[in-house]
Amino acid sequence: MYKNITIKGLRGIKRLKIEDFRQVNLFVGKNNCGKTTILEGLFLLTGPTNAELPLKINSFRKFNVIDENSWTLFFNKLDVNSNIEISGGLVKPKEKRSLTIKPSMKSIAIMEKTTIDKKVVDIKDSYSGLTSGVDGLKLEYSLTKNKSKTPEKIITGIVAKGPGIQFEMPKEYKELLRGVFINPTTISGDIGTRFNNVQIKKQTGKITEVLSQIEPSLDNLSLGADGIIYCDIGLDRLMPVNVMGDGIFRVLSIILATINGIVLVDEVENGFYHSSQEILWDAIFKSAKEFNVQIFATTHSIECVKAFSSSYSRLEKDNDEIRLYRVERKDDDFKIVSYDHKTLEASLDSDWEVR
Amino acid sequence: MTDIIHQKKVLAVEGKDEVNFFNALLKYVEITDFEVYEVGGKQQFKDKLPALARRRGFSDVEVLAVVRDADNDANAAFESIRNILKKEKLEPPIQINQFSEGRPKIGIFIMPGNSDEGMLEDLCLKTVENNLAMDCVQLFTNCISELEKSPNNIVKAKAQAFLAAMPKLVTSVGLGAQKGYWNFNSEELTDLKAFINNLR
């Protein structure tokens with residue numbers, strides 16, 4: 001479970017530190033304040049040796065172009081001379097993760113024709129005639145476990161090779177932390193596969209239990225050969241879960257993601273009516289607890305924030321396991337304002353804006 | 001939903017009555033560029049002051065004045081607010097009615113008069129002690145105090161009785177302040193006026 005994260009030089013974020021993470025963390029803030037980038041930073045640090053993840057976070061933003069310019073998009077102000085540094089502290093197990101992302105540079109010699117003709121190449125001039133291009137990324141990961149003093153270091157990378165992409169994968173390191181990134185475009189993708197994984201781990205009952213608290217008639221879930229998840233609601237035949245009301249399909253999509261370690265949900269309110277927001281949070285709080293996962297989500301919606309607070313009031317209240325973070329950005333300066341549940345409740349009670 | 005704190009001077013008070021009272025008093029002393037926030041009762045300061053300190057715009061606030069009732073113990077009330085502020089890593093004043101030097105600079109005024117026991121109503125009544133209507137109010141208060149089931153809060157009852165004696169009936173001391181029924185020129189308000197002068 002993450003306790004803190006520091007992000008330097010990733011996309012719009014020059015430097016930002018967030019502390020005191022809890023089991024369920026909700027980010028709010030104005031457009032372009034860096035909420036999604038924080039999720040991306042957490043995602044990269046959760047799979048720090050997976051060199052494919054930078055491309056994935058671009059594709060989550062519906063940007064699938066890979067060329068010389070696309071690599072620079074990860075760097076703050078497109079400045080590839082400043083590395084991206086993401087570090088975070090975790091507990092249970094206690095470890096410190098640190099990921100540095102550097103550009104992989106290729107050199108392109110551009111020499112003046114006149115210089116070549118002279119057959120004398122002045123070192124200074126020839127250097128100024130070289131430009132470098134970025135053809136990929138280098139990922140340098142450092143992991144310090146519990147009482148260990150020397151960090152384990154793993155270097156991976158991704159480089160454009162001709163029409164394709166070449167990944168450098170770690171030979172001996174196996175990442176134990178799991179992370180899932182959900183956004184409005186990816187939420188329902190792969191739901192059958194995810195459900196199948198749950199089925200194999202014999203955890204279908206737990207999913208049903210969480211869902212049945214939202215839809216009491218729901219008794220059982222099963223995966224059809226057609227890849228559709230069906231539910232038993234006491235009728236003569238099973239019903240595709242897709243046609244169930246109150247956003248239960250989307251709730252199920254999120255729950256299925258929450259059987260992994262870290263779940264990152266961008267625009268968590270998306271697809272839920274105002275009246276269903278509490279159902280969504282009920283499901284998230286219950287499944288986060290049931291499957292012991294840590295959730296990081298973003299939202300624009302005040303109804304979603306209110307539901308976040310009221311659902312927690314009903315279900316947990318005394319455990320102090322949620323935080324709302326407002327990300328404030330003024331030019332290059334980022335400020336995080338953190339609300340525990342009591343302060344959030346007090347703010348909403350007074351109708352004081354928290355976003 | 002109110003979005004951000006716009007002013008650099010902020011007053012935090014217990015309830016709506018105090019909001020009305022201070023809006024009237026600050027207008028009287030010609031202080032205009034401030035915002036008053038009610039916390040919804042003295043028990044709410046512990047949650048509402050941290051909430052106020054997290055509002056967008058609070059980092060630009062230069063002066064924060066907190067006013068609460070002494071009830072039975074002015075020092076305990078003062079310490080309670082100090083502890084809430086310290087928890088928020090805000091610099092509280094060392095003494096009642098003084099302002100700290102931090103940013104924001106913070107002052108705490110304990111009603112009715114810093115070292116006394118009591119509340120807003122006590123202070124309001126002190127300002128009108130020489131008002132002729134107080135003779136009637138005093139007689140009425142003496143009478144109801146003798147009842148077998150007398151009011152739990154005789155000061156509040158007395159303040160209501162005074163308001164009932166005014167030309168146009170209002171039902172709260174805050175609205176009374178808006179109507180000009182309390183004497184803002186009274187010497188009894190000297191300390192409070194000196195305190196809110198920091199919001200100038």
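Lettering of chains follows the sequences in order, A, B, ..., and the numbering in each one begins at 1.
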| task | Give the minimum heavy-atom separation between A:Ser350 and B:Lys48, together with the two atoms involved. | result | OG-NZ, 2.9 Å
| note | Heavy-atom closest pair (B:Asp47 atom, A:Thr343 atom, distance to 0.1 Å) is O-CG2, 4.3 Å
If you draw a 6.0 Å radius around [atom1] in [X], do more than 12 non-hydrogen atoms from other residues or ligands fall strictly inside?
X: B:Lys105; atom1: NZ; answer: yes
X: B:Asn152; atom1: CG; answer: no
X: A:Lys289; atom1: NZ; answer: no
X: B:Lys27; atom1: NZ; answer: no
X: B:Glu62; atom1: CD; answer: yes

| message | Quick one, B:Arg56 and A:Val337 - any side-chain contact, counting heavy atoms below 4.5 Å? | response | no
| field | Heavy-atom donor-acceptor pair, B:Arg54 side chain to A:Val354 backbone, under 3.5 Å | value | no
| said: Looking at chain B, which one of A:Lys335, A:Glu345, A:Glu328 has the largest number of heavy-atom pairs inside 4.5 Å, strictly under? | reply: A:Glu328
| query | chain B heavy atoms under 4.5 Å from A:Lys330: which part of the residue, side chain, backbone, both or neither? | reply | neither
| Interchain contact, B:Leu49 with chain A, by part (heavy-atom threshold 4.5 Å) | neither
